[in-house]
Amino acid sequence: MVQEDLFKKIIAHCKEYGFIFQSSELYDGLSAVYDYGQNGAELKNNIKEYWWKAMTQMNEEVVGIDSAIFMHPTVWKASGHVDAFNDPLIDNKDSKKRYRADVLIEEYVEKITDKIKKEVEKARKRFGDQFDEQQFIETNQRVIDYRQKQKDIMAVFVAAMEAGDLERVRQLIVDLEIACPVSGSRNWTEVRQFNLMFDTKLGSVTEGANTIYLRPETAQGIFVNYLNVQKTGRMKLPFGIAQIGKAFRNEIVARQFIFRMREFEQMEMQYFVKPGDEMKWFETWKERRMKWHLALGINPQKYRWHAHDKLAHYANAAFDIEFEFPFGFKELEGIHSRTDFDLSQHEEFSGKKIRYFDNESGESFVPYVVETSIGLDRTFLTILSACYNEEKVGDDTRVVLNIPAPLAPVKVAVLPLVKKDGLPELAREILDELKFDMNCQYEEKDSIGKRYRRQDAIGTPFCITVDHQSVEDRTVTLRHRDSMEQERVPMDKIAQLVKTKVDMKTLLSKLV
Ligand code: ATP
């Protein structure tokens, strides 16, 4: 399927089956803000549970907190967000569309990657079995030139951003002849910095209200609670604090469904270590996080590592896990080694000591931090992108979401074949047993075929059909979503059979 079509289909499917609705749709919607419907909320909660348990339950030294969205305004001065949480924006004078200058340049560089891929594929066809991709990339003059061009562009861009030279960034866009995708023109305004934080007022305005910010990341709630958790939890280094919560960013370009939202959710973990140990832990967390993704069973080729071209001034290492969304490889998660920057800043701005006292060495110091930061909504989109499938079944096509069973919104649908002869009662009996352990649905409307399709479309891994034979011998049909296979199973075996498959443990056990 063409990837663009796939993306449109996923968006339509999300709406039709109660996963995601545009916020305030009744009033024509609010741009880049979304509501999760009945199935979306379940899937989202299950992703959260998978992450939370993987972080806290599976790692003895990681604990979770839930800090407030509103924080003291000085937090954002200390963290650097007031002065430097900016994106460079540029407008096209003809279409009046606004773009992120860095994204325009990165997309241009990505297009060169596509050209390299085409050269590689052409050569693969020409050379057949003897083709050595690595050697080709290193020796083919056209590919060498393409790669050099990419390096040169990024070098100019990074140097200009580091020097705060926005005119140079604009010149680069002009020199590369980048055109507006809407108007096709190269009629650009100057590049300006735009702060992404939303502000609001605390207290009534007449009382002399304070300007506060909606947090643009959850991490600062962890940093300012470092001492509280360390002391009350009697935590010893290394240890981590995890958190899931909303974050808000006034994104300039917000056109990719739930990939880039103005209100979204993050799942972040800050891991506090002894200075000098950070690279070891950075590597460990890179490995742990990739394992978490791969345990979902999605094609591993859809994930790749991306090293940051431009490190934040306080970071000494940063990698992203990118995922191949229908619109290309994009950031899903960041793993960053942030040194002692944040805690030291909070020491300075609060005037209070934020130290760790090491009993063994008798020293006290500000810990270093390795963080893992993943977008919950982006994870949701990876799962939908990878699990949405259209399959030919006879003359028919079925749409099925092959979501990993522990994450599926509904685990089991219980379906009486007809609405009479004691079948609904028997179906209810099964439901009443299962509902304590998992989210189930009872459906008696429409033909059984239609009911199966509806359950496939929301990703329900199991359907249990109760028929006349069930009344006689207390056996039922268990239908498997992915294979569509059906088996006859005694009613008293159902709970155990299904439970082992849908239990979060099936994912978590792949992490050890
Ligand atoms: P991008 O470069 O895509 O803007 P970022 O580098 O600013 O992302 P971080 O600040 O590292 O992102 O945030 C950590 C994670 O939070 C990201 O990897 C992403 O999954 C998620 N995230 C960030 N911004 C958004 C957004 N506007 N909408 C949805 N998720 C987001």
Side-chain angles (χ1 to χ4, degrees), residues 1-21 34-51 256-259 293-303 323-327 332 375-393 396-415 438-443 446 448-465 478-486 498 501-504 506-507:
M1 195 187 313
V2 182
Q3 292 297 293
E4 225 169 82
D5 291 348
L6 172 65
F7 192 39
K8 280 192 195 136
K9 282 184 176 174
I10 289 171
I11 296 171
H13 191 85
C14 278
K15 184 172 176 198
E16 190 179 345
Y17 287 94
F19 282 89
I20 297 171
F21 309 119
Y34 292 91
D35 297 338
Y36 285 82
Q38 66 280 17
N39 289 317
E42 292 287 345
L43 173 54
K44 204 174 169 201
N45 280 339
N46 295 339
I47 299 171
K48 284 194 219 181
E49 187 190 339
Y50 175 40
W51 184 88
Q256 280 162 326
F257 193 39
I258 56 168
F259 178 80
H293 289 283
L294 297 182
L296 292 172
I298 293 170
N299 177 2
Q301 308 230 310
K302 292 216 163 262
Y303 296 89
F323 181 81
E324 193 176 16
F325 291 97
F327 40 85
L332 166 62
L376 173 55
D377 313 271
R378 283 192 195 176
T379 311
F380 191 108
L381 190 56
T382 62
I383 291 170
L384 279 182
S385 317
C387 300
Y388 177 96
N389 285 302
E390 291 177 4
E391 288 175 5
K392 273 247 157 290
V393 184
D396 206 10
T397 308
R398 74 159 181 160
V399 174
V400 54
L401 298 184
N402 303 100
I403 300 174
L407 301 187
V410 177
K411 307 294 195 263
V412 173
V414 190
L415 318 169
M438 62 194 79
N439 191 28
C440 306
Q441 236 175 43
Y442 174 87
E443 262 205 313
D446 294 324
I448 198 75
K450 271 197 189 149
R451 281 182 270 170
Y452 283 157
R453 289 288 178 276
R454 267 205 303 270
Q455 294 300 332
D456 287 344
I458 63 167
T460 307
F462 299 105
C463 289
I464 296 171
T465 309
L478 181 67
R479 176 188 182 266
H480 299 256
R481 175 196 66 198
D482 297 347
S483 62
M484 288 186 283
E485 261 169 36
Q486 304 189 7
V498 171
K501 295 270 170 42
V502 304
D503 200 319
M504 201 53 83
T506 61
L507 289 180

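Being a predicted model, the structure only gives us computed values, none of them experimental.
For residues 396-415, the set of pairs meeting the salt bridge (charged side-chain N to carboxylate O under 4.0 Å, His left out) definition, not counting sequence neighbours, comprises Glu391-Arg398, Asp396-Arg453, Arg398-Asp456. Screening residues 293-302 for side chain to side chain donor-acceptor pair (under 3.5 Å) gives His293-Glu333 as the qualifying pairs, with residues at least two apart or on separate chains.
Partners of Glu49 under the salt bridge (Lys or Arg N to Asp or Glu O under 4.0 Å) rule, at least two apart in sequence or in another chain, are Lys53. Remark: Ala413 engages Leu415, Gln455, Thr460, Cys463 in a side chain to side chain contact (heavy atoms under 4.5 Å, CB included) (not counting sequence neighbours). The ring pair (Phe, Tyr, Trp, His ring centres under 6.0 Å) check on Phe462 picks up His480, with sequence neighbours excluded. For Phe21, the ring pair (Phe, Tyr, Trp, His ring centres under 6.0 Å) test picks out no residue, with sequence neighbours left out. Evaluation of the ring pair (Phe, Tyr, Trp, His ring centres under 6.0 Å) rule for Tyr452 yields no partner, not counting sequence neighbours. Not counting sequence neighbours, the partners of Lys48 by the salt bridge (Lys or Arg N to Asp or Glu O under 4.0 Å) test are Glu265. Qualifying side chain to side chain contact (heavy atoms under 4.5 Å, CB included) partners for Cys440, counting only residues two or more places apart in sequence or in other chains: Val412, Leu431, Leu434, Met438. Under the side chain to side chain contact (heavy atoms under 4.5 Å, CB included) criterion, Arg454 pairs with Glu443, Asp446, Arg451, not counting sequence neighbours. Applying the side chain to side chain donor-acceptor pair (under 3.5 Å) criterion to Asn39, with sequence neighbours excluded, gives no partner residue.
Counting heavy atoms from C-beta outward, Leu381 and Phe323 have side chains that stay 4.5 Å or more apart. Annotation: side chain of Phe257 is in contact with side chain of Ile20 (closest heavy-atom distance under 4.5 Å). The shortest side-chain heavy-atom distance between Tyr303 and Ile298 falls under the 4.5 Å cut-off. Looking at heavy atoms from C-beta onward, Cys387 lies in side-chain contact with Pro404 at the 4.5 angstrom threshold.
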| query | What do the steps show when you test Asn389 against Val399 for side chain to side chain contact (heavy atoms under 4.5 Å, CB included), and what is the final call? | reply | CA-CA 6 Å; Asn389 285 302; Val399 174; over 6 Å; no

| said: If you apply the rule side chain to side chain contact (heavy atoms under 4.5 Å, CB included), what do you find for Glu485 with Arg479, and how did you get there? | reply: CA-CA 6 Å; Glu485 261 169 36; Arg479 176 188 182 266; over 6 Å; no

| Val393 and Met484: CA distance, side-chain angles, deciding distance, side chain to side chain contact (heavy atoms under 4.5 Å, CB included) verdict | CA-CA 10 Å; Val393 184; Met484 288 186 283; 3.8 Å; yes

| query | Step by step, would you call Leu296 with Tyr50 a side chain to side chain contact (heavy atoms under 4.5 Å, CB included)? | reply | CA-CA 10 Å; Leu296 292 172; Tyr50 175 40; 3.7 Å; yes

Show the atom names and distances, to 0.1 Å, of all donor-acceptor pairs under 3.5 Å that link a side chain in residues 11-18 to residues at least two apart or in another chain.
residue: His13; atom: NE2; partner: Ala457; partner atom: O; Å: 2.7
residue: Lys15; atom: NZ; partner: Glu25; partner atom: OE2; Å: 3.1

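Scanning both residues, Pro409 and Asn439, for their nearest heavy atoms gives O-ND2, 2.8 Å. Closest heavy-atom contact between Ser385 and Ile10: CA-CD1, 3.6 Å. Nearest heavy atoms, Leu507 versus Pro406: CG-CG, 3.8 Å. Across all non-hydrogen atoms, the minimal contact from Leu401 to Arg481 is O-NH1, 3.3 Å. Between Leu407 and Leu43 the shortest heavy-atom distance is O-CD1, 3.3 Å.
Counting only N and O atoms by type, the side chains of Tyr36 and Gln38 include no donor and acceptor under 3.5 Å apart. No donor-acceptor contact under 3.5 angstrom links the side chains of Asp377 and Tyr34, judged on distance only.
The distance between the ring centers of Phe7 and Phe325 does not fall below 6.0 angstrom.
Ile383 contributes atom CD1, which lies 7.5 Å from atom CD1 of Ile403 (distance to the nearest 0.5 angstrom). Between atom CD of residue Glu42 and atom CD1 of residue Ile47 there is a gap of 12.0 Å, rounded to the nearest 0.5 Å. Note that CH2 of Trp51 and CG of Leu376 are 10.0 Å apart. Values are rounded to the nearest 0.5 Å.
Under a 3.5 Å cut-off, the side chain of Asn402 and the backbone N or O of Asp482 do not form any donor-acceptor pair.
Remark: Lys44 fails to qualify as a cation-pi partner of Phe380 under the 6.0 Å distance and 45° angle criteria applied to the six-membered ring.
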